[in-house]
Amino acid sequence: MTEKNVSENFITQIIDTDLASAKHNKIHTRFPPEPNGFLHVGHVKSICLNFGIAEDYQGLCNLRFDDTNPAKESIEYAQSIQEDVEWLGFKWNDKVLYSSDYFDQLYVYAEELINKNLAYVDEQSPDEIRQTRGDFTTPGTNSPFRNRAKLESLDLFRRMKSGEFKDGQMVLRAKIDMQSGNLNMRDPILYRIKRQHHIRTADKWCIYPMYDFTHCISDALEGITHSICTLEFADHKPLYDWVLDNISIECHPQQIEFNRLNQTFTIMSKRKLNELVESGTVEGWDDPRMPTVSGMRRRGYTPSSIREYAKKSTVTRKPSVVPMSMLEDSVRHELNNTAPRIMGILHPLKVVIENYPEGQCEMITAKNHPMDESFGTRDLPFGRELYIEADDYKEGANRKFFRFTEGREVRMRYAYYLTCQRAIKNDKGEVIELRCTYDPDTKGGSSPDGRKVKGTIHWVSADHADDVELRLYDRLYNVVSPKGKDDLNPDSLKILKNAKLEPGIIAGSEGKQYQFERTGYFFRDQTHENDKPVFNRIVTLRDSWAKLEQE
């Protein structure tokens, strides 16, 4: 039995009941993004839920673009969304669908509502419609055009379609209830005039249907059984049902709302994310700091870790905020088991082993994964000159510092015991080199006389190391609930241009994640590469934000 994509929740309980009662024989869901931006982590939960449920129940899931607002939509966004869904590991039913596929049918249904005296053409200005709509404490006021003859509305609507009127001059509204406590039912707009080139229908249409009118009909035309959407659409459900109840269409999908994925340290607003892109604060929608799926992919996150994160995000009818650490922990947990270990030095400090023969080089056997023998081993060159991390040396350190200081012996990972004799400084008093000695009887990292050392550090051979650039990415915002640019983390990116990597990794590194021992998880990013390979830090080995997240 294969593992389910979705944890049991109130939606799967509804589906189980529907299947048991034979209300449905096959489950059919859909994911309906608008192609006006890149998908972000907030969309991931909906993607995994809709596609995951379809897979779990051997059903179908459609990918349908809500392309009813041509002013903000593009082919680029539509293509990026398809790439993201596929990268996450999901397949949609048959071909990609668009709301624009149904524009002709939607128009026919709009005329049907007019003929039933359930829709009318309103000539009020947008401001007048807004004012007469009322608010949560004030009931709406009927439009002076609300009771116009249906034949007159039908004629005006057809003339709207033919391009006779200016943008905004009139709209088609449903005739429902201006006194309703639900503002969405106060004669909502169904069509507006908008002369805008469309990414698929070009200039065929100058009127476009509104989302609330389009979405429910598109669901019904596709035979969707369960229209799963986030909580902000709960107040739109009565309108969803009203439209389908009042047109001649047989299928009536069930709309079910769940809590959207809100995440700490993250802004989900497409508008605010776009501001970061337009201002150059980030490199683009796929900047590895962005909460977009393309950004997470470029940073080195794995699809399976993201799916697991979405699965752990509880599906309820109550709003919730998920800690970003839960996403990072999902990545850590997977990579701890799957990423091979290699040695990389972020801030190189040279070590010269004074009693090691000049010109000699030997091969040291290292494990590719300390907990899984199936990863095998590799041979690393070891010679007189090495690089270690600069912070693995501390002048005059006390006994609680287990790395290099004068007179202290340290184990070099998989290699020998070394003792620091002295540090070489430049004119500014900065340590630029350590002079050490080694014990040739400790090859492999242990002593035949049984003496123990508490410190073990990683290293690379100075003569064989590859020069690499490291990009240390961290959270884009430094507050739990960011509002905007004032909350940006100034340390969200640090670039290290002089890092060193053990030899033999570069050639096979494309598309692979690695753990740099004692440092973090990294992924090669060829976007920036010029004169040397570039690796992004995916996530640190441990969570350094936990305390702030709990405050």
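This is a predicted model, so every value here is computed, not measured. Numbering starts at 1 and runs along the sequence shown.
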- Task: Over 60° means perpendicular and under 30° means parallel, so classify the ring planes of H226 and H24, tilted if in between.
- Result: perpendicular

- Query: Residues two or more places apart in sequence or in another chain: which of them pass side-chain hydrogen bond (donor to acceptor under 3.5 Å, both in side chains) with D287?
  - Reply: R289

- Would you call D187-K175 a salt bridge at under 4.0 Å N-O? no

- Item | Side-chain donor/acceptor of S153 to backbone N/O of K150, under 3.5 Å | no

- Message: Quick check against the 3.5 Å criterion: does Q513 have a side-chain atom that pairs as donor or acceptor with the backbone of G300?
- Response: yes

- Flag, side chain of Q58 to backbone of D56, donor-acceptor distance under 3.5 Å: yes

- Item | Step-by-step side chain to side chain contact (heavy atoms under 4.5 Å, CB included) determination, F90 to I47 | CA-CA 9 Å; F90 297 110; I47 294 170; 3.8 Å; yes

- Query: What residues, two or more places apart in sequence or in another chain, satisfy salt bridge (charged side-chain N to carboxylate O under 4.0 Å, His left out) together with E152?
  - Reply: R148

- Could K512 and F523 be counted as a cation-pi pair, given that NZ or CZ must be under 6.0 Å from the ring centre and within 45° of the axis? no

- Is there a donor-acceptor pair under 3.5 Å between the side chain of K272 and the backbone N or O of K483? yes

- Item | Proximity of Y309 and H333 rings by center, below 6.0 Å | no

- Message: F157 vs Y191, test: ring-ring contact (aromatic ring centres under 6.0 Å, His included). Steps then yes/no.
- Response: CA-CA 9 Å; F157 187 51; Y191 270 85; 5.3 Å; yes

- Stacked cation flag R537 on F522, 6.0 angstrom / 45 deg: no

